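Values in this document were obtained by computation on a predicted structure and should not be read as measured data. So you know, we letter chains A, B, ... as the sequences are listed, proteins then strands, and number each from 1.
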There are 2 protein chains.
Amino acid sequence: MSSTVRIALDVMGGDHGPDVVLPGAEIALTRHPDISYLLFGDAGRINDILKQHPRLAAASTVIHTDVVVRMDDKPSQALRQGRRVSSMWRAIDAVRLGEADCAVSAGNTGALMAMAKVNLKTMAGISRPAIACLWPTTRGESVVLDVGASIGATAQHLVDMAVMGAAMARIVFDIERPTVGLLNVGVEEIKGVEEVKEAAAALRGTGHPGLSYHGFVEGDDIGRGTVDVVVTEGFSGNIALKTAEGTAKQVAEFLRGAINRSFMAKIGYLLARGAFRALREKLDPRKSNGGVFLGLNGVVIKSHGGTDAEGFASAVDIGYDMVRYQLLSRIEAGMNDRPQVAATGPAEATVSGELQVSS
Amino acid sequence: MSSTVRIALDVMGGDHGPDVVLPGAEIALTRHPDISYLLFGDAGRINDILKQHPRLAAASTVIHTDVVVRMDDKPSQALRQGRRVSSMWRAIDAVRLGEADCAVSAGNTGALMAMAKVNLKTMAGISRPAIACLWPTTRGESVVLDVGASIGATAQHLVDMAVMGAAMARIVFDIERPTVGLLNVGVEEIKGVEEVKEAAAALRGTGHPGLSYHGFVEGDDIGRGTVDVVVTEGFSGNIALKTAEGTAKQVAEFLRGAINRSFMAKIGYLLARGAFRALREKLDPRKSNGGVFLGLNGVVIKSHGGTDAEGFASAVDIGYDMVRYQLLSRIEAGMNDRPQVAATGPAEATVSGELQVSS
């Protein structure tokens, strides 16, 4: 294990490309002086900006690429046009070649995932990769996955995601046995989706050393921090994430509007400013910026496309931690003890399809 | 059409039974003097309370029942034990018999849905009922369904839900052609789940008189009020609803905590109290209380189990409106023009399974 953490950056990805990626990289470097960068993109633009960032320049190697994956490219299109020649592909490829320990991109998520799957492939025993995010909760943060890599999941894949998510949580939260919950509708064990129930059965039976299975959790448990790791398939995971982001924004906007409508309220706001700032910081997407691709033969981090330098630095930080604290080895070890889903016959004809929506 | 709206109440349902249901019924009666009630439950308790509510008593008939469906009963259990004899069943049955125009219950949702399905059955052409809720948005409110009646949906069922949700929206919002969106991951038309894409194709082709198809929407579009009606299958719908409720609560709790930690902030809060109150009212679940069961041969409303009298009154109000403005006829009419999903062969092997998670 090299004493330097080598990070490959897709400098051209995201809404602002180098103007955000490079300042962000420097912020992360300040926090982790043992980082060295491979910067993939338009060398002319990059070198121009590096003139203002000598510290970053000293820790970086610039590799020129001509092709940029566009934000609206379909993944298949991006693969066709960007394979081997785009900054996004080259950053991922550097990981495959062993020239970098992780790749970070703020570019087109679907393209990044498509390229990463084709290039790095999934680890042995894992059927599909997942995207995991850090979700702010009342207790601090939780790992939530899959927030959008795939649609639907078999019971075994849900179990695999529990193992992978727990490996990430052990690093991020520095705890031995993170608690894991399966997202479901209605908390009682009988409810919900067949695959989720089968996964629950497999997880319940095991005394897996790297995680502690809690049981089912519902949508409102996520922000409560009921468990350290929340597992669900990618459609509902993405819906949950987007809905929560939208609701937080909606509450903030409404409060802002209500405050602006009244002079007394504006005065009040000024006095309570500290509290509002604390709230904004707590919910700041830039702080939690950084989706981790779990299940590939390499660490890949996805930053929000529209984030600023501070946000991009957060994404780099996560990549750094995943390398420094050996995410891949932990996942491998976790998969060795992986609970197996029992092959079952047709489910009992109980109340399949009916839900107990808690009143 | 009778000039009275006859409402059957499951008085024993919910966390507080008659202590909430009856005062709530009276509040609704104040708003709509043309309501008459059938009150199902423990006659002794009901009559005791009615002594304090002469106005309500004058508008009600009490029918004694012995059996109460418990909040933790499995739906099949509730059906077995409560069929024909419970307050919940009798309220629904009154609708079937034509003795009431709608039924309202704060009891066990799964049991209520199971009983309603068995007793009232679905309307012609509708495969499954859905639960629709009123979701507070930046623009006001949206109808969101299915928030928990079933898990998974065929493309035709999604289309049917669009028609039913639009019928409800025409009543609640008093507009001719509500906009309808299909919940999906990634906004571009190519992304997402096969059934959702097929439903989109069917809705796009139609010039349905009762709705205006907008396209795909994501989780954060719900609270934005991007469309009047959001359609999704019940698992993701329930996750979205619970997640939004949890996030709103989380934001409020955090803000409260941050304010309490500082004297200046507390002063500020007092001054801005009006704004906070406005926010609480806007997001008050009691105001939007009342899930509407769509697709049955009868109007059934589900109130939150833990709500208070004001909240229960809101649920009764919704039932009243659904009857007054002829929800069932509108759904029937909408189903006559219902877009048909084309029978297709296997989906093209494009990027099925890959998602464009917007960056």
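- At a 4.5 Å heavy-atom cutoff, the contact between B:Ile222 and chain A is made by side-chain atoms alone.
- Residues satisfying the salt bridge (charged side-chain N to carboxylate O under 4.0 Å, His left out) criterion with B:Arg139, sequence neighbours excluded, are B:Asp228.
- B:Val185 approaches A:Ile151 most closely through the heavy-atom pair CG2-CD1, 4.4 Å.
- The CG atom of A:Asp220 lies 9.0 Å from the CG atom of B:Leu241; values are rounded to the nearest 0.5 Å.
- Remark: A:Val68 engages A:Met12 in a side chain to side chain contact (heavy atoms under 4.5 Å, CB included) (not counting sequence neighbours).
- Among the candidates B:Ala244, B:Ser236, B:Gly246, B:Gly13, the residue making the largest number of heavy-atom pairs closer than 4.5 Å to chain A is B:Ala244.
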TODO: Give the C-alpha distance, both sets of side-chain angles, the deciding distance and a yes or no for side chain to side chain contact (heavy atoms under 4.5 Å, CB included) between A:Asn238 and B:Glu218.
DONE: CA-CA 9 Å; A:Asn238 186 267; B:Glu218 296 195 73; 4.0 Å; yes

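- The shortest heavy-atom contact between B:Thr243 and A:Gly219 is OG1-CA, 3.4 Å.
- A donor-acceptor distance shorter than 3.5 angstrom exists from the side chain of A:Gln250 to the backbone of B:Pro136, with no hydrogens or angles considered.
- Here the side chains of B:Phe235 and A:Val193 are in contact, with some heavy-atom distance below 4.5 Å.
- If you take NZ on B:Lys249 and OG1 on A:Thr247, they are separated by 13.5 Å, rounding to the nearest 0.5 Å.
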